[in-house]
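Following: one structure in structure tokens, then a few remarks.
Naming convention: chains lettered A, B, ... in sequence-line order (proteins, then strands); numbering from 1 in each chain. For clarity, every value in this text was computed on a predicted model and none was experimentally measured.
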Protein chains: 2
Amino acid sequence: MYICLMYSNELIKGTLKTIVLNLLSKEKRMYGYEITQHVKEATDGKIQLTEGALYPLLHRLEADGLLTTEKVNIGKRVRKYYSLTKNGAETSGNLVQEFREFSSTMNRLLDTFTLKPSYHG
Amino acid sequence: MYICLMYSNELIKGTLKTIVLNLLSKEKRMYGYEITQHVKEATDGKIQLTEGALYPLLHRLEADGLLTTEKVNIGKRVRKYYSLTKNGAETSGNLVQEFREFSSTMNRLLDTFTLKPSYHG
DNA sequence: CAAATATACATTGGAATCTTATGTATTAAA
DNA sequence: TTTAATACATAAGATTCCAATGTATATTTG
């Protein structure tokens, strides 16, 4: 996904990594499905991550040394837990701060010109 | 561009349209180069639009009926002014609101989990 | 108990968006 | 006079995400 029912979904590109790393900086370890559910609940369904976006990202982050994994058997199923590496924790903090700054800059920019959106026809 | 010196530039994908339409909802008409300079100044250089992203977008928005153009001769040069159509003004308002909501949702989501970004090693 | 739903992983093809690089040309400043 | 600024434009490539599909186990519900 990134099924963002309330938003034109293009807005969110680039924030998935931030969301995931930030979550893992607070929770010791999480598995993919758990992440999707957590984000969904925390945002009242406003942000929903798709597997097609999430799983490849998790694999990439592991390959890049930002995450480590441990497999845990749950009955006959194998659950894959992800945790931050030291590098991942650092990156997490940076990305969150970057988003905050960007968000602030954007909102200021939009404020400057959104007093009355009008049609100058 | 989208040369965002302070940000990992991926964060901004999807906001270019919002920025441009919002600008044009406040200024009767603007031309491409003017838009890049305006955004640059208004954000203290934090957001810089590249021509490679801006011009194709302007063309697309015109093709989609959100913008109209008028060419003005400046000496030997032709300057291309863009203005919002009625449809464009409506879209502008929607996109700005969507960004605000998304921004708010994201910041709340990040707040929930950023008390202390840490390495659980 | 059977069927539907939830849990849980994964990959692939394609769309959309942006960057980098390149190109042309005029005008102003150093 | 040469450099920088103004002003447009396009093309190739990277990145990121979505939709679709696939597999399989576990739980809930009718």
Side-chain angles (χ1 to χ4, degrees), chain A residues 1-5 7-21 29-41 45 47-64 67 69-82 95 99 102, chain B residues 1-5 7-21 29-41 45 47-64 67 69-82 95 99 102:
Chain A
M1 315 185 185
Y2 257 30
I3 290 176
C4 286
L5 307 164
Y7 314 123
S8 66
N9 36 11
E10 298 110 51
L11 271 181
I12 327 163
K13 292 207 173 186
T15 60
L16 180 51
K17 192 155 103 180
T18 308
I19 292 172
V20 169
L21 290 182
R29 62 179 202 176
M30 295 183 87
Y31 54 98
Y33 185 76
E34 192 182 12
I35 294 175
T36 65
Q37 298 309 300
H38 201 122
V39 171
K40 189 178 173 182
E41 283 166 31
I47 297 180
Q48 291 179 236
L49 312 184
T50 59
E51 293 121 310
L54 181 61
Y55 288 116
L57 172 68
L58 289 172
H59 302 163
R60 238 182 299 141
L61 293 175
E62 187 186 5
D64 292 347
L67 299 180
T69 59
E70 40 181 335
K71 292 178 182 174
V72 175
N73 285 26
I74 305 291
K76 286 180 180 177
R77 269 196 294 215
V78 178
R79 191 181 281 168
K80 210 167 160 187
Y81 278 97
Y82 290 88
L95 287 182
F99 178 82
F102 170 68
Chain B
M1 314 188 191
Y2 257 28
I3 288 175
C4 285
L5 306 166
Y7 314 122
S8 65
N9 37 11
E10 298 109 50
L11 271 181
I12 328 162
K13 292 206 172 187
T15 61
L16 180 52
K17 191 154 104 180
T18 307
I19 293 173
V20 169
L21 290 182
R29 63 178 201 178
M30 295 184 87
Y31 54 99
Y33 186 76
E34 191 182 12
I35 293 175
T36 66
Q37 298 309 302
H38 200 122
V39 170
K40 189 177 172 182
E41 283 166 32
I47 296 180
Q48 291 178 236
L49 314 184
T50 59
E51 293 122 311
L54 181 63
Y55 288 116
L57 172 68
L58 290 172
H59 301 162
R60 239 180 300 141
L61 293 176
E62 187 185 6
D64 292 347
L67 299 180
T69 59
E70 40 182 335
K71 292 179 181 173
V72 175
N73 285 25
I74 305 291
K76 287 180 179 176
R77 269 196 293 215
V78 178
R79 191 180 281 170
K80 210 167 159 187
Y81 279 97
Y82 290 87
L95 288 183
F99 178 81
F102 170 68

Would you indicate whether the side-chain heavy atoms of B:Thr15 and A:Phe102 approach each other to under 4.5 Å?
yes
Please figure out whether A:Gly75 or B:Tyr82 has its closest DNA chain D nucleotide nearer the 5' end.
B:Tyr82
Side chain of B:Lys76 only, please: which of D:dA7, D:dT6, C:dT26 is the nearest?
C:dT26
Round to a whole Å and report the spacing from CG of A:Leu49 to P of D:dC17.
10 Å
Would you say a side-chain N or O of A:Tyr33 is under 4.0 Å from OP1 or OP2 of C:dA6?
no
Over how many whole Å does the gap from B:Arg60 atom CZ to C:dA15 atom C1' extend?
12 Å
A:Thr36 and A:Leu49 have their tightest heavy-atom pair at CG2-O, 4.0 Å
Separation of A:Arg77 atom CZ from C:dA8 atom P, in whole Å?
5 Å
For the residue pair B:Lys80 and B:Tyr31, what are the closest heavy atoms and their distance?
O-CB, 3.1 Å
Give the rounded distance in Å between these two atoms: CG of B:Asn73 and C1' of C:dA25.
14 Å
Report yes if the side chains of A:Glu34 and A:Tyr81 come closer than 4.5 Å at any heavy-atom pair, otherwise no.
yes
Using only side-chain N and O atoms of A:Lys80, determine if any of them is under 4.0 Å from OP1 or OP2 of C:dA10.
yes
Separation of C:dC9 atom P from A:Leu54 atom CG, nearest Å, is 9 Å
I want to verify a distance call: between C:dC9, C:dT17, D:dC8, whose nearest atom is closest to the B:Tyr31 side chain?
D:dC8
Closest contact, heavy atoms only, A:Leu57 versus A:Leu16:
CD2-CG, 3.5 Å
For C:dT11 and A:His59 - does any side-chain N or O of the residue sit under 4.0 Å from the phosphate oxygens OP1/OP2?
yes
Expressed as a whole number of angstroms, how long is the span from A:Tyr55:OH to D:dG22:C1'?
13 Å
Looking at D:dA9, C:dC18, C:dT11, which one has an atom nearest to any side-chain atom of B:Leu16?
C:dC18
To the nearest angstrom, the CD-P distance between A:Glu34 and C:dA8 comes to 8 Å
From CD of A:Glu51 across to C1' of D:dA19 the rounded distance in Å is 11 Å
